[in-house]
Peer 1: 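Attaching a single structure in structure tokens format; questions to follow.
We count ligands from 1, going down the list as the structure has it; atoms in each ligand are counted the same way. All heavy atoms count here, side chains included; hydrogens, waters and symmetry mates do not.
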Amino acid sequence: MKVLANDGISESGRQMLESEGFEVIVTKVAQNQLIDFLNNNNIEVILVRSSTKIGKDILDACPKLKIIGRGGVGLDNIEVGYAQSKNIEVINTPEASSGSVAELVFAHLFTGARHLHDSNRNMPLEGDSRFLDLKRSYAAGVELRGKTLGIIGFGRIGKAVSKIALGLGMKVIASDSEVGEAKIELTFHNHQSIKIPIKTEPIDQLIQHSDFITLHVPAQISPILGAKEFGEMKQGVGIVNTARGGIIDEEALVEALEDGHVSFAALDTFADEPTPSIKILMNEKISLSPHIGAATLEAQKRIGEELATQIISIYQK
Ligand code: NAD
């Protein structure tokens, strides 16, 4: 029973599999060599994150595959239906990384609100002709407390984001194609908990009412936010996208940043991954991270262990 963890696996997940007799290979095999590697090494389980693609070519050419494990949530890099039609099980770990993605949203929100993404690149030294101007612009930060956070997509991550926002004293509005009324349960260290109702609104209203907007929907056929939506947002709004690149029209975003209507954006996912366009990379109003929402040590440990547990139980059936 051989497992190829092509995008890596946590040490604890690897140990769980090995203690049940699996051989775990952690070599990174290039996409165009994957078919040969899987067949030549009799691999039955392949584990991927977002970078390895499991398309019909691999599924047709590798009859020994039994399980495809996605460490994380989005399955858009896997031909799920086609795999299942060939009796290959597709598993993922939807809960394991929600808290980590939510914390990254706030890393970006605090960064944007206090211009840290820009000052990290451009902090002027005394004697620099830009010193006073830049210092003045960095000094014009805003607080998150009391501001309205619009959450588009109120599933696992959207809800995790709302809990942090409420803790910071933000107002929260949510918009979700499936969720009508929403309540969030906040649990404290003394195990007491309270339920807080969350206001839900259609996206067109949320856009008009939010000081900051964060997106948590799956991949979409067309962007949710484009020129029209940016134009309807509050002046100076900040936008965070840790969901999927294609859900924001990046050209329109750059224009809205350039004309100042949007004050900053933070992107963890891009229309072109892993190499976003130069316009995005070089824009000083954008805080960047390379699709690392789920990439904390804690989430990776949970992801590895959850995958191992599921694989072991499938083999025990
Ligand atoms: P989820 O399925 O729990 O929630 C998604 C929500 O979006 C659902 O409630 C759904 O009803 C809603 N939705 C779908 N289409 C919508 C639309 N057009 N308008 C409004 N609402 C819509 O998913 P999740 O676990 O919260 O993950 C959300 C996103 O985060 C996914 O795209 C996932 O791929 C991404 N993600 C990114 C990272 C990262 O590293 N950056 C890590 C994990 C997940």
Side-chain angles (χ1 to χ4, degrees), residues 7-8 48-53 69-78 80 90-109 149-165 172-184 198-207 210 213-226 228-229 239-249 265-274 276 280 286-304 306-307:
D7 298 330
V48 302
R49 289 183 186 150
S50 53
S51 69
T52 305
K53 315 277 177 260
R70 162 71 161 99
V73 186
L75 293 168
D76 34 320
N77 53 330
I78 301 169
V80 178
V90 182
I91 57 175
N92 65 347
T93 58
E95 301 287 348
S97 57
S98 305
S100 291
V101 181
E103 288 194 11
L104 183 70
V105 169
F106 284 90
H108 277 305
L109 277 174
L149 178 65
I151 303 177
I152 301 178
F154 206 58
R156 289 173 291 258
I157 299 173
K159 288 184 178 130
V161 166
S162 74
K163 290 183 184 181
I164 302 177
V172 175
I173 315 171
S175 184
D176 190 295
S177 48
E178 304 293 327
V179 178
E181 283 179 24
K183 268 195 181 140
I184 281 298
I198 299 292
K199 191 175 178 202
T200 54
E201 288 184 346
I203 288 184
D204 57 341
Q205 288 178 32
L206 175 145
I207 282 167
S210 301
I213 294 174
T214 180
L215 294 125
H216 301 290
V217 298
Q220 307 283 312
I221 294 162
S222 51
I224 289 188
L225 301 183
K228 174 177 169 290
E229 289 74 22
I239 295 169
V240 182
N241 182 15
T242 57
R244 282 292 176 265
I247 64 178
I248 286 188
D249 177 340
L267 304 177
D268 186 52
T269 51
F270 307 89
D272 299 314
E273 282 190 32
I280 294 287
I286 302 182
S287 174
L288 300 162
S289 54
H291 204 147
I292 51 153
T296 59
L297 298 179
E298 293 86 349
Q300 292 308 313
K301 184 169 182 290
R302 283 191 294 270
I303 285 171
E306 277 187 32
L307 285 174

Peer 1: Numbering the atoms of ligand 1 from 1, which are under 4.0 Å from a heavy atom of Val73?
Peer 2: 25 (O), 43 (C), 44 (C)

Peer 1: Compute the minimum heavy-atom distance from Ser98 to ligand 1 and say whether it is under 4.0 Å.
Peer 2: no

Peer 1: Quick check against the 3.5 Å criterion: does Ser175 have a side-chain atom that pairs as donor or acceptor with the backbone of Ile152?
Peer 2: no

Peer 1: Students should be able to answer this: which protein heavy-atom is nearest to atom 11 (O) of ligand 1, and at what distance?
Peer 2: Asp176 OD1, 2.7 Å

Peer 1: Out of Ile164, Ile173, Val161, Val240, which one pairs with Leu149 under the side-chain contact (heavy atoms from CB on, under 4.5 Å) rule?
Peer 2: Val161

Peer 1: For the side chain of Arg156 and the backbone of Ser98, is there at least one donor-acceptor N/O pair under 3.5 Å apart?
Peer 2: no

Peer 1: Taking Ile292's backbone N and O only, do any of them form a donor-acceptor pair with Asp268's side chain (distance below 3.5 Å, no angle check)?
Peer 2: yes

Peer 1: Is there a donor-acceptor contact under 3.5 Å from the side chain of Glu229 to the main chain of Asp204?
Peer 2: no

Peer 1: Look only at the side chain of Arg70 and the backbone of Leu75, and say whether a donor-acceptor pair between them is shorter than 3.5 Å.
Peer 2: no

Peer 1: Out of Ser289, Ala182, Ala295, Ala243, indicate the one that has the non-hydrogen atom closest to atom 35 (C) of ligand 1.
Peer 2: Ala243

Peer 1: I'd like to know whether ligand 1 has Gly72 as a neighbour, heavy-atom separation below 4.0 Å.
Peer 2: no

Peer 1: Nearest protein heavy-atom contact for atom 14 (C) of ligand 1: which residue, which atom, what distance?
Peer 2: Pro218 CD, 3.4 Å

Peer 1: Identify, with sequence neighbours excluded, every residue that meets side-chain contact (heavy atoms from CB on, under 4.5 Å) alongside Ala174.
Peer 2: Phe154, Ile198, Thr200

Peer 1: What residue and heavy atom of the protein are closest to atom 37 (C) of ligand 1, and at what distance?
Peer 2: Thr242 O, 3.1 Å

Peer 1: Using side-chain contact (heavy atoms from CB on, under 4.5 Å) as the criterion, list what pairs up with Ala265, not counting sequence neighbours.
Peer 2: Leu253, Leu257, Ile286

Peer 1: Could you report the tightest heavy-atom contact between His108 and Ser287, atom names first, then the distance?
Peer 2: ND1-OG, 2.8 Å

Peer 1: Any N or O on Ile292 sitting closer than 3.5 Å to an N or O of ligand 1?
Peer 2: no

Peer 1: Can you report which non-hydrogen protein atom sits closest to atom 2 (O) of ligand 1, along with the distance?
Peer 2: Arg156 NH2, 3.5 Å

Peer 1: So if I count the atoms of ligand 1 from 1 in the order they appear, which ones are less than 4.0 Å from some heavy atom of His291?
Peer 2: 39 (C), 40 (O), 41 (N)

Peer 1: Using a strict cut-off of 4.0 Å, indicate which atoms of ligand 1 neighbour a heavy atom of His216.
Peer 2: 5 (C), 6 (C), 7 (O), 28 (C)

Peer 1: Under 4.0 Å from a heavy atom of Arg244: which atoms of ligand 1 are those, numbered in the order shown and with their elements?
Peer 2: 32 (O), 34 (O), 37 (C)

Peer 1: Report, in ascending order of atom number, the atoms of ligand 1 lying under 4.0 Å from any heavy atom of Glu178.
Peer 2: 11 (O)

Peer 1: Got a second to check how far Leu109's CG is from Leu104's CG, nearest 0.5 Å?
Peer 2: 9.5 Å

Peer 1: Measure the distance from atom 4 (O) of ligand 1 to every protein heavy atom, then report the residue, atom name and distance (to 0.1 Å) of the closest one.
Peer 2: Gly155 CA, 3.3 Å

Peer 1: Polar contacts were defined as any N/O atom of the residue lying under 3.5 Å from an N/O atom of the ligand; does this apply to Gln220 and ligand 1?
Peer 2: yes

Peer 1: Judged by atom type as modelled, is there a donor-acceptor pair below 3.5 Å linking the side chain of Gln220 to the main-chain atoms of Pro218?
Peer 2: yes

Peer 1: Considering only non-hydrogen protein atoms, determine which one is nearest to atom 30 (O) of ligand 1 and report residue, atom name and distance to 0.1 Å.
Peer 2: Ile157 CD1, 3.5 Å

Peer 1: Using a 3.5 Å cut-off on N or O atoms only, is Ala294 in polar contact with ligand 1?
Peer 2: yes

Peer 1: If you look at every heavy atom in Asn92 and Val73, which pair is closest and at what distance?
Peer 2: ND2-O, 3.0 Å

Peer 1: Using the rule given for side chain to side chain donor-acceptor pair (under 3.5 Å), can you reason through Asn77 versus Ser50, listing the C-alpha separation, both sets of side-chain angles and the distance that settles it, and then say yes or no?
Peer 2: CA-CA 6 Å; Asn77 53 330; Ser50 53; 6.0 Å; no

Peer 1: Which protein heavy atom lies closest to atom 16 (C) of ligand 1, and at what distance to 0.1 Å?
Peer 2: Ser177 OG, 3.3 Å

Peer 1: So if I apply the side-chain contact (heavy atoms from CB on, under 4.5 Å) rule between Ser100 and each of Thr242, Thr296, Ile303, which one comes out positive?
Peer 2: Thr296

Peer 1: Would Thr269 count as being in polar contact with ligand 1, using the rule that some N or O on each side must be under 3.5 angstrom apart?
Peer 2: no

Peer 1: Are any of the N/O atoms in Val217 less than 3.5 Å from those in ligand 1?
Peer 2: yes

Peer 1: With heavy atoms of Gly74 as the reference, note each atom of ligand 1 found under 4.0 Å away.
Peer 2: 34 (O)

Peer 1: Under 4.0 Å from any heavy atom of Gly293, which atoms of ligand 1 are there?
Peer 2: 39 (C), 40 (O), 41 (N)

Peer 1: Got the closest protein heavy atom to atom 42 (C) of ligand 1, with its distance?
Peer 2: Val101 CG2, 3.4 Å

